[in-house]
Structure formats: C-alpha cells, structure tokens
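Shown next, in structure tokens, is the structure this report addresses.
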Amino acid sequence: MSKNRRNKLPISVADILVDDILDSTDKEILSEALEKHDDIDFEIEKTRKVINEAVMKSRKSRLNEAKEQFKNSRISKQKNNILSLSISDKRKLINQVKESVDSLTLAARNEEEMSESDANGVLQDLIDLGVIDESGNVK
Amino acid sequence: MHLLTPSEELLQSLGITEPSEIDLEAVAWSQGAEIKYRNLDGCEARILGVGDKAVISIDNRVIDRRKRFSIGHELGHWHHHRGKSFACRTEDIGNYAGINAVSEAEKVADKYSANLLLPVYIFTGIAREYTQPTFDTIFSIADVFDVSKTCTAIRYVEHGHFPCMLVCYTQAGRKWFRRNKDVPRKLFPHDQLDHESEAFEVLYGAKGKTKRVMSPGDAWFNWRMADRFEVWEETVQLIEGETLTLLTWKNEKMLDEAQEY
C-alpha cells in the first residue's frame with residue numbers, strides 16, 4: 001500500500017478518530033502527544049498551520065466556484081425576452097409585481113421616471129428570477 | 001483590534017487575502033446576486049431581488065471604479081435591506097461613508113461598499129508598505145485596490161498608521177473632514193479656507209494641486225495654540241469646485257499639546 005493510500009482514511013474511520021479527539025480532555029491529548037513528540041509547541045504550530053491551510057483552501061474554492069459559475073452563466077445566457085406591451089402596461093406590470101411579491105428587494109430610482117429601456121430591463125430580470133412568465137403573468 | 005464588518009466577513013469566507021482577489025462578480029454570485037452591465041437611464045445601479053436571488057444592474061456608461069463602488073453599494077442593500085423596496089437617488093450612490101447620502105439606508109450601503117472594496121484587514125498591511133503620508137501614496141494604493149482616490153484617501157486617514165486629517169472645501173466652506181484616531185478632537189479645521197493656505201490657490205486659482213508644503217497651524221485650526229506649530233499641507237482638486245487637503249504632522253508635539261491643553 002502506498003503512503004498516499006495509507007493516509008486516505010475512510011470517512012467513517014476519520015469520524016471515529018475525530019470523535020475520540022473531541023471526547024478527550026486537553027490534558028489527555030497533551031500527554032498522548034508528549035509520548036510521541038519532543039517539541040510539543042512545534043507540533044501544535046504545525047497542526048494549526050495544516051488546519052488553517054485546509055480552511056483557506058476550502059474558502060478559496062468557494063470563490064473559484066463562484067467565478068466559474070458566473071462565467072458559465074454568461075455563456076449560457078438566453079436572448080432577451082422583451083414583452084410586447086405598451087410602456088404604460090410595462091410600468092403597471094412592474095407596480096403589480098411590487099405590490100404582490102412579498103420578498104421583493106428593489107432599490108432603484110423613482111419608477112414614475114422609469115424609461116422604457118429601464119422598464120424592459122426590470123421585466124427581463126423578473127423573467128430571469130422566475131417572478132413573471134414570458135407573457136407577463138405573475139407566477 | 002479591528003472587528004470585522006459584514007462585508008469583510010464575506011470576503012474572509014471566500015478566502016480573500018489580496019486586493020486582486022476581490023472579484024466583485026464572483027463575490028456577488030456567491031451571495032445569489034448576478035451582475036449585469038447595461039445602459040440605465042434612471043440611475044447608475046439597481047438591485048432587483050426575490051427571495052435569495054437577485055440581479056444587480058450597473059450602468060455601462062460610468063467609469064470602472066464607479067461601477068465597482070455601485071456593485072458594492074447594491075450588495076450592501078442586498079445584505080442589509082433584503083425584502084425591502086425603496087428609491088435611491090443617483091447622487092446617493094458612490095460616496096464613501098455616506099458623505100453625500102441623504103438616507104440612512106444609502107449611508108449603510110455606501111459603508112458596506114467601502115468595506116468590501118477596501119477591507120481594513122487587507123488595507124492596513126498594504127498602507128504600511130508606504131513610508132510617506134502623501135497623495136502619491138494614497139493614489140498608488142487606490143490603483144492597487146482599483147478604487148476611487150477619494151474613497152482611498154478617507155480609508156487611509158481613518159485606518160492608516162500616520163496621524164493625519166483630510167479636509168474637503170468648496171467655495172461655500174468646509175464640506176466634510178475626516179481625522180485619524182490619533183488626531184485630537186480639539187484640532188478642528190476652520191469653516192472657511194484660510195487665504196494664507198496653499199489650498200486657497202487651488203480652490204480660487206488655476207492650480208490643480210499643490211506640493212506638500214509647511215503651513216502655519218493656525219491657517220488650518222481654531223485651537224488657541226495652533227499658531228505655535230506648523231503642519232504639512234498637500235492639496236488636490238479631484239472634483240471641479242472642491243479641494244481635498246491632506247494634513248500631516250512633522251512630529252507629534254502639536255498633537256500631544258492639543259491632547260493636553
């Protein structure tokens with residue numbers, strides 16, 4: 001068995017070992033470590049470094065996943081589904097959504113001044129977010 | 001000890017330790033928000049969210065650093081004001097620490113953005129690499145973080161390691177100022193720009209900036225003993241009709257005396 005394979009414990013065994021460590025007191029862990037290592041401070045620092053590096057690696061992987069997903073979302077973007085409504089109907093529809101969707105977050109300039117282009121953007125976003133369908137019906 | 005702000009906690013949760021890693025599109029995506037760049041007529045930025053998903057729209061036509069601030073601002077709304085709808089004015093967005101923002105919500109969103117773009121836990125280490133408290137230093141740091149010069153200047157004054165003060169004047173008088181924690185509160189800048197200051201020439205003359213020069217302390221402060229000391233003064237004009245002056249101290253004697261008397 002190679003060293004790498006030997007170091008890869010099955011999850012269930014690793015869980016048992018972790019539980020064993022968590023159930024032990026600091027004193028018990030320290031005395032066990034003293035049996036195996038001469039410089040405990042060095043070992044503690046080394047272990048802390050390993051843990052911190054693993055945490056950092058995991059966090060950075062979240063960032064990299066987000067980068068990748070954002071990039072892919074742009075590639076797979078569908079064409080715009082601009083609704084063929086009059087500007088007043090578009091504004092009415094946006095107001096209807098504002099009144100009927102409880103969990104809506106909207107921070108934008110006063111909607112009375114909303115241009116047709118801005119209204120189209122809002123409606124497109126509402127379609128993308130699954131709030132309305134492509135015919136303008138609130139889901 | 002610096003307590004992490006919500007935006008700094010977010011950056012840390014993504015393992016961000018360098019300015020170049022602050023990828024706002026990815027940071028937003030991790031929070032369920034997609035960034036779209038498009039032409040906007042009514043505002044510079046907008047967030048539209050439902051449940052835990054949102055689309056943040058950013059006006060294509062503004063400069064990149066302003067776009068970045070706007071993304072941070074909208075993420076601030078997403079963090080603090082989820083489930084709420086309100087109007088924000090164009091002039092509300094993009095002013096660090098809510099210098100111009102009128103509503104509390106806008107101030108909160110501005111602060112969130114500043115902390116996202118210039119996280120203190122990264123900023124202080126980088127600021128320490130520079131040995132001179134000057135605008136050159138500040139502008140260089142602004143390039144490192146890809147953030148506006150004013151925003152960086154305020155961060156530098158508030159979280160840098162030199163005692164310094166940043167004062168903004170218009171012809172109507174002092175607009176705002178920020179001081180480092182080591183600058184005593186007694187050192188309060190004048191309401192109007194002193195005509196003996198170099199900054200006066202920038203505000204009323206044709207100069208775009210001044211060199212870093214020594215000025216009498218009473219040209220800047222009301223404190224009764226200010227005339228006994230001198231301060232370093234350096235002024236730039238970043239916005240038409242507004243001067244930004246960085247005041248620094250050659251030694252800490254004036255600061256110590258002002259603390260005491």
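Below, each value reflects all heavy atoms present in this structure, side chains not excepted, and no hydrogens, waters or symmetry copies.
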Chain B contact via [X] - which portion, at a heavy-atom distance below 4.5 Å:
X: A:Leu104; value: both
X: A:Asp102; value: backbone
X: A:Val55; value: neither

Spatial distance of atom [atom1] ([X]) from atom [atom2] ([Y]) [nearest 0.5 Å]:
X: A:Arg62; Y: B:Ser30; atom1: CZ; atom2: OG; answer: 5.5 Å
X: A:Asp128; Y: B:Lys36; atom1: CG; atom2: NZ; answer: 4.0 Å
X: A:Ser117; Y: B:Leu40; atom1: OG; atom2: CG; answer: 7.5 Å

Give the minimum heavy-atom separation between [X] and [Y], together with the two atoms involved.
X: B:Glu74; Y: A:Ala107; result: OE1-CB, 4.0 Å
X: A:Arg59; Y: B:Gln12; result: CD-O, 3.1 Å
X: B:Asn39; Y: A:Asp118; result: O-OD1, 3.9 Å
X: B:Glu21; Y: A:Leu63; result: O-CD2, 3.8 Å
X: B:Ala26; Y: A:Lys67; result: CB-CG, 3.4 Å

Other residues, nucleotides, ligands: >12 heavy atoms within 6.0 Å of [X] [atom1]:
X: A:Asp38; atom1: CG; result: no
X: B:Lys149; atom1: NZ; result: no
X: B:Leu3; atom1: CG; result: no
X: A:Asp39; atom1: CG; result: yes

Between chain B and each of A:Met56, A:Lys57, A:Gln69, count heavy-atom pairs under 4.5 Å; write down the option with the most.
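Option with the top pair count is A:Gln69.
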So which of A:Val122, A:Val131, A:Val101 has the biggest tally of heavy-atom pairs under 4.5 Å with chain B?
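Most heavy-atom pairs under 4.5 Å with chain B: A:Val122.
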From CA spacing to verdict: side-chain contact (heavy atoms from CB on, under 4.5 Å), B:Arg46, A:Leu106
CA-CA 7 Å; B:Arg46 176 182 71 219; A:Leu106 177 60; 4.2 Å; yes
Taking the side chain as everything from C-beta on, heavy atoms only, tell me whether B:Arg38 gets closer than 4.5 Å to A:Asp125.
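Yes. Closest side-chain heavy atoms under 4.5 Å.
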Any side-chain heavy atom of A:Met114 sitting closer than 4.5 Å to one from B:Asp41?
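Of all side-chain heavy-atom pairs linking B:Asp41 with A:Met114, none is under 4.5 Å.
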Close approach to chain A in residues 48-60 of chain B, criterion heavy atom under 4.5 Å
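Those residues of residues 48-60 of chain B which have a heavy atom under 4.5 Å from chain A are B:Leu48, B:Gly49, B:Val50, B:Gly51, B:Lys53, B:Ala54, B:Val55, B:Ser57.
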